[in-house]
Amino acid sequence: MSTNFKYILCSILDFGLTWGGSAAVILYNYITPTNTAGFKLSFTAIVLLIALLLMAKAVFEKTYQEKMNSYLEQLASCDDAALKKEIQKKIENHKLQNNIYQRLVMLLPFAVLYIVTLLGINSLDALRGTVGLILISMGAGSIFNVLKKPLAEKRQIEKLNKKAGKQNEKT
C-alpha cells in the first residue's frame, strides 16, 4: 500500500468516525420515534427559554432606564406641585416594578436549575448512552488522526523528493 493511499484512507476514516459517526448518533436519536426524546426537546426548550428570557431582560432594563430618565426629566422641568406629586408617584410605582423584576431575575436561575434537575432524572440515562456512542466514535476517529500525522509528513517528503528529482533531471 502506498503512503498516499494510506494517508487518504486514514483521512477518510478520521473524518468519518470523528464527525460522521457523531452526527449519525445524534441524528439517529432525533429521528427514531422509539427512543425517548426527553433530553433532546426539554433541554433544547430550556436553552431557548433562557435565551428568550435574557433577551427580554435586556429589553426590559433598557425600557426601564429610558422611562425612568423620562420621568426624571419631567420632574426636573415641572413647576406645578400637583404635577410633581403625580410624577413622583409614577416614579415610586416604577421603582416597585423594578424591584419585583430584580427579585424574579434573582430567582430565575434556581427555577431553571430545578427544572433541569427534574428533567435530568428522567433523561440523563438516555443522554449518557448517546454521549458514550459519540465518545467511542470520536475516539476511533482520533486513532486514525494520530496515524495520519506521520503519513502526512512522509507523503510531503515523497512529494518534495519527486519534485527535486524532476528538477535534477531537467538540469
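On a predicted model such as this, the values are computed, not experimentally measured, just so you know. Index from 1, following the sequence.
In terms of hydrophobic clustering, with Ile, Leu, Val, Met, Phe, Trp and Tyr side chains grouped at heavy-atom distances under 4.5 Å, L135 and I143 are assigned to different clusters. Residues L83 and M68 fall within the same hydrophobic cluster, defined by Ile, Leu, Val, Met, Phe, Trp and Tyr side chains chained together at heavy-atom separations under 4.5 Å. Each of L13 and L151 belongs to its own hydrophobic cluster when Ile, Leu, Val, Met, Phe, Trp and Tyr are linked at side-chain heavy-atom distances under 4.5 angstrom.
Contact annotation: the side chain of Q65 never approaches that of K62 to less than 4.5 Å [non-hydrogen atoms, C-beta and beyond]. Contact check for N93 versus K89: no side-chain heavy atoms found under the 4.5 Å cut-off.
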Full working for side chain to side chain contact (heavy atoms under 4.5 Å, CB included) between K163 and K159: CA-CA 6 Å; K163 194 175 193 180; K159 283 184 179 180; over 6 Å; no
K84/D80 under side chain to side chain contact (heavy atoms under 4.5 Å, CB included): CA gap, chis, key distance, verdict: CA-CA 6 Å; K84 275 188 175 185; D80 187 21; over 6 Å; no
E92 vs Q88, side chain to side chain contact (heavy atoms under 4.5 Å, CB included): CA-CA, chis, key distance, verdict: CA-CA 6 Å; E92 291 302 318; Q88 285 176 341; 5.6 Å; no
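Just one residue in the list K149, E153, R155 forms a side chain to side chain contact (heavy atoms under 4.5 Å, CB included) with Y7, and that residue is R155.
To the nearest 0.5 Å, the span separating CD on Q74 from CD on E86 amounts to 9.5 Å. Considering OG1 of T63 and CD of E61, their distance stands at 10.0 Å, rounded to 0.5 Å. Atoms CG and NZ, from N161 and K154 in turn, are 12.0 Å apart once rounded to the nearest 0.5 Å. To the nearest 0.5 Å, atoms CD1 (I12) and CZ (F144) are separated by 11.5 Å. Distance CG/L9 to CG/D14: 11.0 Å, rounded to 0.5 Å.
Within a 6.0 Å radius of OH in Y64, other residues, nucleotides and ligands contribute more than 12 heavy atoms.
In terms of modelled atom types and a separation under 3.5 Å, the side chain of S77 and the main chain of E73 share a donor-acceptor contact. With hydrogens and angles ignored, the 3.5 Å screen pairs a side-chain donor or acceptor of S142 with a backbone N or O of M138.
For the residue pair A140 and L17, the shortest heavy atom distance occurs at CB-CD1, 3.7 Å. The two residues I87 and C78 come nearest to each other via the heavy atoms CD1-CB, 4.4 Å.
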